[in-house]
Amino acid sequence: MESYLEERFGGVQAKNSSEEALRRWRRLCSVVKNPKRRFRFTANLEKRGEAEAIKHANHEKLRVAVLVSKAALQFIQGLSLRSEYVVPEEVKAAGFQICADELGSIVEGHDSKKLIIHGGVDGIAEKLSTSKTDGLSTDEDSIKRRQDIYGVNKFTESEVRSFWVFVWEALQDTTLIILAVCAFVSLVVGIAMEGWPKGAHDGLGIVASILLVVFVTAASDYRQSLQFKDLDKEKKKIQVQVTRNGFRQRLSIYDLLPGDVVHLAIGDQVPADGLFISGFSLLINESSLTGESEPVAVNADNPFLLSGTKVQDGSCKMLVTTVGMRTQWGKLMATLSEGGDDETPLQVKLNGVATIIGQIGLFFAVITFIVLSQGLFSKKYHEGLLLSWSGDEALELLEHFAIAVTIVVVAVPEGLPLAVTLSLAFAMKKMMNDKALVRHLAACETMGSATTICSDKTGTLTTNHMAVVKACICGNIKEVNGPQNASKLCSELPEIVVKTLLESIFNNTGGEVVFNQDGKYQILGTPTETALLEFALALGGDFKSKRDETKIVKVEPFNSTKKRMSVILELPGGGRRAHCKGASEIVLAACDKFIDDTGSVHPLDKTTADKLNGIIDSFAGEALRTLCLAYREMEEGFSILDHIPSQGYTCIGVVGIKDPVRPGVRESVATCQAAGIMVRMVTGDNINTAKAIARECGILTEEGIAIEGPEFREKSLDELLKLVPKIQVMARSSPLDKHTLVKHLRTTFNDVVAVTGDGTNDAPALHEADIGLAMGIAGTEVAKESADIIILDDNFSTIVTVAKWGRSVYINIQKFVQFQLTVNVVALLVNFSSACFTGNAPLTAVQLLWVNMIMDTLGALALATEPPNNDLMKREPVGRTGKFITNVMWRNILGMSFYQFFVMWYLQTQGKNFFGLERSDTDVALNTIIFNSFVFCQV
């Protein structure tokens, strides 16, 4: 069975399935009892096609707009332009000077001419009654007027379907419709022959059973839909940094309005259409909107930012101009939301099982009807009365037909693929409570098969609460874990060194020190930036005054490839200075001078370089993250269009940052290892820091290997075949190193790989992995969008919980399949064999419908929603080649089926019920309940 299913339905993968594979299995399962219900949780390929068409149209529209804009700019240079735009009265009355449609046409159409006519970005800000520095006023009346004129930043979503819609869909079942017709005919004939109420018993029994099946099915489906709706809301919760009333604050993207000033950094999603105010080295990836993968440089000359695009590099402030459904992203999202998730491999396989068993059931149903009816037809034929039927004979034939149809109802396990969805929906909801947000349904299923986890260090295995605890400035090592120690260090250093150190930290940073509405300072930025800024403040520095002394003219932001960040400052007395910070050994290698304890600058000789490298190693051996800070004076001829130099720096010092291991991580790693899941650490940190943390977590063992990314890159394929299985730590790794490791583990060693990531450059590895896990706190929007599951608390222990839930889903569905196939086989065998041997069917249509409700809906609710237990993590993982329907499982199914069949058949043919007593009409329902309970207990 497994190989047959793999051959016909195995083309669908856990992620990135081809459209042809998705269409192929649909064709194989095209004839089903209830298409609306069977295919409810599958991808809408037509809607996806519409979304791709919109992307293509956007690409063409933007290409033409850019060309027209360039031509217009060349034409209008030197001309005085007048505006023919007339402000609508309602816009004037609300206190604004530009309407939403005009704003939309400027940004979406990249219309530089209109932008110039309106006074550029400054003019647009003025017409929107906002400030480029202080942002919007949060006065309620002002916000309300702005919403009324420009709308809100929300997209049109499909309405929540009511319970009655699910009732209607459940009624679309072809076999239930046929049974309803049979029930109606039975009622009419029965009442005509035997009167009311005796003649209505059979017909009303079938009607009641149909209604019960429909309402229980609809209730289960409605509950699932609500769970998915809740999860969809969680997926769309994105917050951005905004300035309002002069204060920086975090705000939901749904609360943004035209006139808001938004701060964007690498990995952020542009939350609305807008205009560039200021920034450095800004590259925007517009592929999500246009399909074009080449990034676009956005600056003062090309200031247009489109909603839904991603910041690939650099940072900026943007002025929001257009929100919600007025943007192209809003229109695209409305279409994409109807496209749905890809179906999971397990859903597809069980659709295949349902189809195969349905075909078998239909065959047996036809044979059963023929066998049951042949006696009646034979009798009528011999009597010569084939064209003359009494009411009793018509009812008998109708009952035979109803039994045959009901066998199809029971035999076709329509609930199998839906049980997968139910189990996954239940697991997703519970995982949300355990701080894991599942973005793609298949991830729950795949995580249960994981054999390897490649985990980041910072923030996942560690707490991500960082503080500078040691520093080596001017060649002297000092403990600085506290304000008093920092103050003491400051008093011991030459004034020029302190000044240079503070200039470096406060200017060469992606963070910021701001004051909130209570007048208290607040540090914004990554944990590393926060630790450095805290250190500088403890030294007595003033962020604002130090920033005001110089002007930043160029920034090259930190990324995981360069492993450093650099800025160019314009000094008050003239001249320019570069500051650089980053991975200690990389920045130190870029230095040819150092500052001694008197504040004098000297050439960096080998002895001093070896001493500093030794200090870096000693810091790393204490599990500290190390950063080196350096500067260089720039020559006269340097242009800000040139790259910031990578050599010729003067070393200011090295700092050691403490990031403690999270409580419970060692136990979680041990749990994974006991479950047959190998945990590997992949980090950009120094190898000594990585090894120290890995040993503390229990990841690095005596047999394991720790390797650096540059060394890993140089290995040949033959060397990698021997090396990769033993790698437990990879330090100083680039995103490409992580991607290469994951690819080898998946393809060469057939591992099922889960990978964590938080940065923009982690997207390829997250995409390549079987399960991509993005960090909810430290992760960028780009990383989250590439991931299958978002770890909301950035905690490794949560990843272990996800693995446990994945295994639970797998086991629960196996139980349900075993239960349902057992009942299918028994129902078929009992009615078919009894019809063949005795000419009667022991299970009536009403009983069979009751069986169907128990196994198709209530059975799924009971078995598919069982929570995980700790014993699940004591088993070996299923892996990539594990069979879902195992030989042991088939033996159980067939063994229980034949056992129950013989018990059932014997009692029924003896005219007795399950208690061995004489059977009467009142035993019908009781027999059915006991029969199902008996089967259920066997499972």
Side-chain angles (χ1 to χ4, degrees), residues 14-15 346 427 431 434-436 438 442-457 460-461 661-662 664-683 693-706 724-730 738 741-757 765-766 768-775 787-789 791 793-812 814 868-884:
K15 57 196 286 189
L346 208 48
M431 284 162 70
D434 289 335
K435 303 297 182 186
V438 179
C444 276
E445 183 183 301
T446 313
M447 195 65 195
S449 309
T451 56
T452 292
I453 297 174
C454 295
S455 174
D456 278 340
K457 176 184 74 68
T460 307
L461 298 170
V661 171
R662 283 183 182 272
V665 163
R666 190 178 183 88
E667 292 77 8
S668 297
V669 170
T671 300
C672 285
Q673 291 166 343
I677 302 171
M678 184 169 184
V679 181
R680 293 175 165 90
M681 178 197 288
V682 183
T683 179
I693 295 288
R695 288 194 185 98
E696 195 175 339
C697 295
I699 292 173
L700 185 60
T701 62
E702 293 297 325
E703 301 79 27
I705 292 175
V724 168
K726 298 178 182 177
I727 292 176
Q728 293 177 342
V729 175
M730 187 186 287
K738 185 187 278 192
L741 177 64
V742 171
K743 192 171 182 179
H744 276 296
L745 288 169
R746 288 187 69 243
T747 57
T748 309
F749 300 96
N750 222 19
D751 275 327
V752 178
V753 185
V755 171
T756 70
L766 292 170
E768 174 68 28
D770 294 286
I771 313 105
L773 304 162
M775 299 298 105
D788 305 295
I789 299 174
I791 306 301
D793 60 356
D794 291 14
N795 194 339
F796 183 82
S797 300
T798 304
I799 299 173
V800 180
T801 303
V802 170
K804 192 187 296 184
W805 271 108
R807 292 188 175 196
S808 175
V809 166
Y810 203 86
I811 296 296
N812 288 349
Q814 275 191 324
N869 57 65
N870 291 329
D871 289 339
L872 289 173
M873 297 304 283
K874 295 175 183 175
R875 307 181 182 192
E876 286 296 308
V878 174
R880 197 176 298 281
T881 56
K883 292 184 177 181
F884 181 74

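Counting from 1, the numbers follow the sequence of the chain as shown.
When all heavy atoms of Gly757 and Leu766 are compared, the closest pair comes out as N-CD2, 3.8 Å. Counting all heavy atoms, side chain and backbone alike, Ala443 lies closest to Asp788 at CB-CB, 3.6 Å. Taking every heavy atom of both residues into account, Ile677 and Ala450 meet most closely at CG1-O, 3.5 Å. Minimum interatomic distance between Val742 and Ala769 (heavy atoms only, all atoms of both residues): CG1-CA, 3.8 Å. Summarising the geometry of Gly664 relative to Ser797, their closest heavy-atom pair is O-OG, 3.7 Å, with the distance given to 0.1 Å.
Here the CE-CD1 distance, from Met447 to Ile789, works out to 6.0 Å after rounding to the nearest 0.5 Å. Rounded to the nearest 0.5 angstrom, Asp456 CG and Lys738 NZ are separated by 4.0 Å. Between atom CG of residue Leu773 and atom OG1 of residue Thr460 there is a gap of 9.5 Å, rounded to the nearest 0.5 Å. Interatomic distance, NZ of Lys804 versus CG of Asp434, reported as 9.0 Å (0.5 Å rounding). With rounding to the nearest 0.5 angstrom, the CE atom of Met730 is 12.5 Å from the CE atom of Met681. In this structure, CG in Asp794 is found 11.5 Å from CG in Leu461, a value given to the nearest 0.5 Å.
For Asp793 and Thr798, the side-chain atoms include at least one donor-acceptor pair closer than 3.5 Å.
Side chains of Asn795 and Lys435 form no contact here, defined as non-hydrogen atoms less than 4.5 Å apart. For the pair Asp751/Asp770, no side-chain contact is recorded, criterion being any heavy-atom separation below 4.5 Å from C-beta on. When side chains are defined from C-beta on, Phe796 counts as touching Ile799, because their heavy atoms get closer than 4.5 Å. For the pair Leu745 and Cys454, the minimum side-chain heavy-atom distance is below 4.5 Å. At least one side-chain heavy atom of Met431 sits less than 4.5 Å from a side-chain heavy atom of Cys444.
Side-chain atoms of Arg807 come within 3.5 Å of backbone N or O of Arg875 as a donor-acceptor pair. Judged purely by atom type and a 3.5 angstrom limit, Thr451 uses its side chain to pair as donor or acceptor with the backbone of Val752.
Other residues, nucleotides and ligands contribute over 12 non-hydrogen atoms within 6.0 Å of the CG atom of Asp871.
For residues 694-704, every residue pair satisfying the side-chain hydrogen bond (donor to acceptor under 3.5 Å, both in side chains) rule, not counting sequence neighbours, is listed here: Thr701-Glu703, Thr701-Gln728.
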I'd like to know whether Val755 forms a side chain to side chain contact (heavy atoms under 4.5 Å, CB included) with Val682, so could you lay out the CA-CA distance, the side-chain angles of the two residues, the decisive distance to 0.1 Å, and finally the verdict. CA-CA 9 Å; Val755 171; Val682 183; over 6 Å; no
Check step by step if side chain to side chain contact (heavy atoms under 4.5 Å, CB included) holds for Leu872 and Ile811. CA-CA 9 Å; Leu872 289 173; Ile811 296 296; 3.9 Å; yes
